[in-house]
Protein chains: 2
Amino acid sequence: MPEDDPAAPRWRRRKEARPREIVDAALTVFGERGFAATRLDDVAAQAGVSKGTLYLYFPNKEELFKAVVREAILPNLDMAERLLAGAQGPSFALLETLLTLFATRILKSRAGSIPKLIIAEAGNFPDLARFYYDEVIRRAFALLAAVLERGIARGEFRPVDVDSTVRLIVAPMLMSALWRSSFEALEGRPPDVAALLAAHLDALRRTLAPEGGPSP
Amino acid sequence: MPEDDPAAPRWRRRKEARPREIVDAALTVFGERGFAATRLDDVAAQAGVSKGTLYLYFPNKEELFKAVVREAILPNLDMAERLLAGAQGPSFALLETLLTLFATRILKSRAGSIPKLIIAEAGNFPDLARFYYDEVIRRAFALLAAVLERGIARGEFRPVDVDSTVRLIVAPMLMSALWRSSFEALEGRPPDVAALLAAHLDALRRTLAPEGGPSP
DNA sequence: ATCTAATAACTGACTGGTCAGTAATATTTT
DNA sequence: AAAATATTACTGACCAGTCAGTTATTAGAT
């Protein structure tokens with residue numbers, strides 16, 4: 001029981017700081033429980049406010065969730081797009097950078113739980129699925145497609161089926177994120193993301209290499 | 001309004017047929033809604049019985065779900081294991097058969113919704129996750145690892161990191177299953193599973209080929 | 001064959017608990 | 001004092017699981 005100073009106010013008005021704190025708490029709780037099973041009371045408790053306060057800043061649960069996605073995922077996408085725009089060197093190195101970025105910035109952070117969450121709730125909350133598809137998936141796929149096309153145009157990659165290959169690139173990363181949220185506790189050891197990433201990059205190098213030999 | 005024959009009974013005793021019908025209905029509704037969001041009233045309606053009847057045959061929602069997994073997934077795993085046990089020819093052909101089997105028997109059937117379901121609910125229903133991990137995932141991974149080791153032993157595959165490679169093999173298949181349940185409605189065209197499978201097999205052929213040239 | 005218990009299968013209203021969202025009220029700040 | 005910010009208590013909808021009662025079926029008696 002920390003507070004007993006009768007002069008200390010029971011709470012303070014902190015209009016500026018609340019939204020960030022609430023979104024941060026929501027990321028934690030949504031990540032642990034999923035969208036439907038998350039209680040707004042728990043989010044409020046995690047943020048150190050009451051449930052009513054949530055409704056001063058966000059009109060409902062769904063909009064709160066969208067705010068979480070905007071804060072946790074979109075900045076990383078922005079960064080990735082800037083990387084592509086400024087790329088000079090070989091395309092495979094760019095691909096490597098992007099996947100490593102994903103493995104470190106998303107997988108290891110609390111944001112890694114968001115893909116699972118979306119997949120889990122897409123059927124029951126189609127608006128959420130639409131939002132994520134438009135704001136994240138479409139952009140991420142376009143980004144990777146652009147990298148592949150750049151590599152093909154520069155003769156670094158053989159001419160693959162771009163759409164399928166994008167999915168092949170994404171799948172192991174996505175699967176790692178899902179695994180973390182679902183089965184990590186059940187397997188003895190933690191999943192060796194570094195080994196998986198290395199194997200994946202190795203496989204991609206072989207898959208994308210032009211027929212005549214290894215890429216320059 | 002079908003029934004008006006006053007002589008027709010309102011219901012019949014059909015002790016033998018009920019469990020199968022209930023499990024079948026449950027697969028449909030769980031697949032559409034997930035575990036937590038499924039109402040047993042809806043399962044009952046779909047099966048043409050009342051909710052009380054469900055509890056005559058299954059002690060609770062969780063056991064009903066396990067019955068669904070046993071009926072929809074395990075027979076396919078049995079078949080896959082028999083395929084490996086009786087394999088004579090090249091290991092890559094076996095791998096190809098297994099993946100094609102998965103794409104047709106699981107992805108295209110209603111059972112394709114189960115992986116999503118498990119991933120979605122694993123965090124909130126650890127018993128379910130444990131059950132699925134032990135009965136399905138462990139076995140499937142062991143199966144694929146055995147195929148890889150067979151290929152390596154026979155000199156058909158180069159010596160890869162088996163654990164990571166199993167995950168690389170599974171990931172695109174799993175992702176297809178998840179996509180179907182989550183985003184198929186949002187994309188214009190249906191996902192081209194055949195193209196993805198072809199690209200995946202092509203990539204695997206290149207990834208697994210021994211250094212000296214293509215496998216025999 | 002027909003009637004008559006006895007039993008097994010099934011129904012559906014009810015309970016207890018949960019939780020998103022709202023209304024009424026309180027405290028802090030200006 | 002008034003406005004802004006926050007809390008607390010409440011409402012209404014939802015649903016897994018239960019159980020007292022109902023209906024179909026079977027077996028035994030006539």
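We use all heavy atoms of the structure for the numbers below, so side chains are in, but hydrogens, waters and symmetry mates are not. Here is how names work: the chains are called A, B, and so on, in the same order as the sequence lines, proteins then strands, and each is numbered from 1.
Between A:K66 and A:D127 there is no salt bridge, since no side-chain nitrogen of the basic residue lies less than 4.0 Å from a carboxylate oxygen of the acidic one.
With hydrogens and angles ignored, the 3.5 Å screen pairs a side-chain donor or acceptor of A:K61 with a backbone N or O of A:F35. Of the possible donor and acceptor atoms, none in the side chain of B:D42 sits under 3.5 Å from a partner among the backbone N and O of B:T38.
Distances were taken from every side-chain heavy atom of A:N60 (C-beta onward) to each of C:dT11, D:dG17, C:dG21; the shortest belongs to C:dG21.
B:Y57 comes within 4.0 angstrom of sugar-phosphate atoms only, judged by non-hydrogen atoms across all strands, and of no base. If you check every strand for non-hydrogen atoms under 4.0 Å, A:L40 touches sugar and phosphate atoms only.
A:S50 has no side-chain polar atom (N or O) that falls below the 4.0 Å cut-off from OP1 or OP2 of D:dT8. Not one side-chain nitrogen or oxygen of B:T53 sits closer than 4.0 Å to the OP1 or OP2 atom of C:dA9.
One can place OH of B:Y55 at 22 Å from P of D:dG21, the figure rounded to the nearest angstrom. Rounded to an integer number of Å, the gap from CZ of B:R18 to C1' of C:dA9 is 8 Å. For B:F35 and D:dC15, the CZ to P distance is 14 Å, given to the nearest whole Å. Atom CZ in A:F58 sits roughly 16 Å away from atom C1' in C:dA20 (whole-Å rounding). Rounded to an integer number of Å, the gap from A:L56 CG to D:dA3 P is 17 Å. If you measure from atom CD1 of A:I22 to atom C1' of D:dA6, you get 11 Å, rounded to the nearest angstrom. B:D41 has its CG atom 11 Å from the C1' atom of C:dA13, to the nearest Å. Computed from coordinates, the B:R39 CZ to D:dC14 P distance equals 8 Å when rounded to whole Å.
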Working for side-chain contact (heavy atoms from CB on, under 4.5 Å), residues A:L204 and A:L99: CA-CA 11 Å; A:L204 284 175; A:L99 291 187; 4.0 Å; yes
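In this structure, B:R20 places its CZ atom where only 12 or fewer heavy-atom neighbours from other residues, nucleotides or ligands lie under 6.0 Å away.
Contact of B:K51 with D:dG17 (side chain to base): a donor-acceptor pair of N or O atoms is detected under 3.5 Å.
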